[in-house]
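In this text the structure is predicted, and so the values were computed from the model without any measurement. Any value given below was found using the heavy atoms of this structure, including those in side chains, with hydrogens, waters and symmetry copies removed.
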Amino acid sequence: MSNGFKWDADKQSLLLAKMKQPLKIKWSRYFTGKPSSLTVSKTKSGKYFVSILVKEAIKQLPIVNKTVGVDVGKASP
């Protein structure tokens, strides 16, 4: 167990330090790669959330010679 947790990619299960059973997780998003750290937080309503930092290889996109405009939604005063 490194950094206080163990990740099983095959089962998509997360085991925290000092726990005997993996967490029951309702995933909002799946990931590939290797988790390097995580943060567990609790809301005022009693819900727990786990934020996972993942190291993942990313394919570089091809270079294009085109211009792109972005509207950030700021209005003039």
Side-chain angles (χ1 to χ4, degrees):
M1 190 171 296
S2 64
N3 295 329
F5 70 94
K6 182 179 179 183
W7 169 249
D8 185 341
D10 295 330
K11 296 180 183 178
Q12 294 282 307
S13 66
L14 181 65
L15 183 67
L16 299 179
K18 300 182 182 181
M19 294 183 72
K20 294 181 181 181
Q21 298 293 322
L23 294 175
K24 292 181 182 178
I25 298 176
K26 183 177 181 181
W27 293 99
S28 62
R29 184 180 325 176
Y30 294 100
F31 63 88
T32 58
K34 182 178 178 183
S36 59
S37 67
L38 61 90
T39 302
V40 179
S41 57
K42 183 179 178 182
T43 65
K44 291 180 181 180
S45 64
K47 291 183 179 181
Y48 286 92
F49 290 88
V50 178
S51 176
I52 303 173
L53 178 64
V54 179
K55 292 183 180 179
E56 184 173 6
I58 299 174
K59 290 189 246 177
Q60 187 172 354
L61 296 174
I63 297 173
V64 294
N65 293 321
K66 295 187 179 188
T67 305
V68 176
V70 178
D71 181 0
V72 293
K74 288 190 169 193
S76 300

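- Proximity of L16 to L23: side-chain heavy atoms (C-beta onward) are separated by under 4.5 Å at one or more points.
- When all heavy atoms of T32 and E56 are compared, the pair lying nearest together is OG1-OE2, 2.5 Å.
- Taken to the nearest 0.5 Å, the CG atom of L15 stands 12.0 Å off from the NZ atom of K20.
- W7 places a side-chain heavy atom less than 4.5 Å from the side chain of Q12.
- Grouping the Ile, Leu, Val, Met, Phe, Trp and Tyr side chains by contacts below 4.5 angstrom, directly or via other members, places Y30 with I25.
- Partners of T43 according to the side chain to side chain donor-acceptor pair (under 3.5 Å) rule, which considers only residues two or more places apart in sequence or in another chain, are S45.
- A distance of 14.0 Å separates NZ of K6 from CE of M19, quoted to the nearest 0.5 Å.
- A 4.5 Å side-chain heavy-atom check between L53 and S37 finds at least one atom pair inside the cut-off.
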- Message: With side chain to side chain contact (heavy atoms under 4.5 Å, CB included) as the criterion, how do L14 and F5 come out once you've worked through the C-alpha distance, each side chain's angles and the decisive distance to 0.1 Å?
- Response: CA-CA 7 Å; L14 181 65; F5 70 94; 3.8 Å; yes
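- Shown here are the side-chain contact (heavy atoms from CB on, under 4.5 Å) partners of I52, two or more places apart in sequence or in another chain: W27, F31, P35, L38, V50, V54.
- For D10, the side-chain contact (heavy atoms from CB on, under 4.5 Å) partners two or more places apart in sequence, or in a different chain, are D8.
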